[in-house]
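A short write-up of the structure that comes next.
Just so you know, residue 1 is the first one in the sequence shown, and it goes up from there.
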Amino acid sequence: MNIDNKYMEMALAEARKALEIDEVPIGAVVVCKGEVVGRGFNLRERTQDPTAHAEIIALRDAARKFASWRLEECQLYVTLEPCPMCAGAIQQARIKRLVYGATDPKAGYVESLHQLLADKRLNHNVEVSGGVLAKESSRLLQDFFRQLRSRKDG
């Protein structure tokens with residue numbers, strides 16, 4: 001198993017934690033020098049906080065561990081392409097590399113709708129690798145929304 005798959009599996013494990021509490025199953029891990037230093041999964045419904053996305057929670061967790069908002073040597077693994085808010089937070093945190101699973105054609109702000117992290121006008125750019133374990137990430141989301149629709153229809 002390559003290193004990206006290893007950490008994306010950990011992000012998928014975080015996403016499954018969200019699924020267990022009926023949250024949209026998106027998970028994230030922050031890795032620095034081979035060590036997981038931050039973890040997160042969606043908690044928007046549980047907390048009624050619009051910023052409680054997996055990426056934001058994982059970035060906050062890592063920043064607390066380092067007592068610094070600068071995460072310049074870190075990589076973020078997330079199961080879904082980040083939205084505008086999360087892409088902005090990744091850029092602001094100075095993340096070195098982002099690895100994501102499934103693309104998000106409706107809200108993705110890394111490659112789908114806009115390429116925020118590659119915008120040369122910004123003071124920091126992030127290396128991006130998309131599509132890592134994309135099928136697994138997509139399947140988790142599709143199954144969740146299928147079950148949600150069937151509950152509403154039933």
Review point. Mind checking whether S129 and R97 have side chains closer than 4.5 Å, heavy atoms only?
Key: yes
Practice item. State, yes or no, whether a side-chain contact exists between P25 and F144 at a heavy-atom distance under 4.5 Å. Key: yes
Exercise for review: Assess whether atom NZ of K96 is packed by more than 12 heavy atoms of other residues, nucleotides or ligands within 6.0 Å.
Suggested key: no
Review point. Does the side chain to side chain contact (heavy atoms under 4.5 Å, CB included) test come out yes or no for I26 and L141, once each step is laid out?
Key: CA-CA 8 Å; I26 300 170; L141 287 161; 4.0 Å; yes
Review point. Where is the tightest heavy-atom contact between A107 and P84, given as atom of each residue plus distance?
Key: O-CD, 3.4 Å
Check your understanding: Is the backbone of G27 close enough, under 3.5 Å, to the side chain of T79 for a donor and an acceptor to pair up by distance?
Key -> yes
Point to revise | Distance (rounded to the nearest 0.5 Å) between L116 CG and N125 CG | key: 9.0 Å
Check your understanding: Atom SG of C74 and atom CG of L59: how far apart are they, to the nearest 0.5 Å?
Key -> 9.0 Å
Point to revise | Modelled atom types, side-chain donor and acceptor of T103 and E111, under 3.5 Å | key: no
Practice item. Apply side chain to side chain contact (heavy atoms under 4.5 Å, CB included) to the pair R44 and Q48, showing each step before the final yes or no. Key: CA-CA 5 Å; R44 282 194 317 176; Q48 291 300 302; over 6 Å; no
Point to revise | Stepwise side chain to side chain contact (heavy atoms under 4.5 Å, CB included) test for R60 and T51 | key: CA-CA 11 Å; R60 286 176 178 160; T51 69; 3.7 Å; yes
Practice item. Verify the cluster assignment for V132 and I90: are they in a single hydrophobic cluster under the rule of side-chain heavy atoms below 4.5 Å apart? Key: yes
Point to revise | Non-neighbouring partners of R121 that pass side chain to side chain contact (heavy atoms under 4.5 Å, CB included), sequence neighbours left out | key: D119
Exercise for review: Say whether, by atom type as modelled, one donor and one acceptor occur between the side chain of Y7 and the main chain of G34 under 3.5 angstrom.
Suggested key: yes
Check your understanding: Do R94 side-chain atoms and Q92 backbone N/O form a donor-acceptor pair below 3.5 Å?
Key -> yes
Point to revise | same_hphob_cluster(V128, L122) at 4.5 Å side-chain heavy-atom cutoff | key: no
Practice item. Check whether L98 and W69 end up in the same hydrophobic cluster, where Ile, Leu, Val, Met, Phe, Trp and Tyr are linked by side-chain heavy atoms less than 4.5 Å apart. Key: no
Practice item. Answer whether the closest heavy-atom distance between the side chains of I56 and C86 falls below 4.5 Å. Key: yes
Exercise for review: Look only at the side chain of E23 and the backbone of E45, and say whether a donor-acceptor pair between them is shorter than 3.5 Å.
Suggested key: yes
**Study point:** Interatomic spacing from SG in C32 to CG in L71 - rounded to 0.5 Å
**Key:** 7.5 Å
**Study point:** Presence of salt bridge, D143 and R139, under 4.0 angstrom
**Key:** no
Review point. Hey, quick one: are F145 and L19 part of the same hydrophobic cluster, counting side-chain heavy atoms closer than 4.5 Å, chains of contacts allowed?
Key: yes
**Study point:** Euclidean distance, M8 CE relative to D4 CG, rounded to 0.5 Å
**Key:** 7.5 Å
Exercise for review: Report yes or no: does N42 contribute a side-chain atom to a donor-acceptor pair with the main-chain N or O of A18 at less than 3.5 Å?
Suggested key: no
Point to revise | Between Q75 and Y77, a side-chain donor and acceptor under 3.5 Å | key: yes
Exercise for review: Report whether L117 and Y100 are members of the same hydrophobic cluster (ILVMFWY, side-chain heavy atoms less than 4.5 Å apart, transitive linking).
Suggested key: yes
Practice item. Identify which one of Q91, E72, R70 satisfies the side chain to side chain contact (heavy atoms under 4.5 Å, CB included) criterion when paired with H124. Key: Q91
Exercise for review: Under the side chain to side chain contact (heavy atoms under 4.5 Å, CB included) rule, what do L43 and I57 come out as? Steps first, then yes or no, please.
Suggested key: CA-CA 9 Å; L43 286 169; I57 294 167; 3.8 Å; yes
**Study point:** Charged N-O contact under 4.0 Å between K17 and E14
**Key:** yes
Review point. Distance from I21 atom CD1 to F41 atom CZ, nearest 0.5 Å?
Key: 5.0 Å
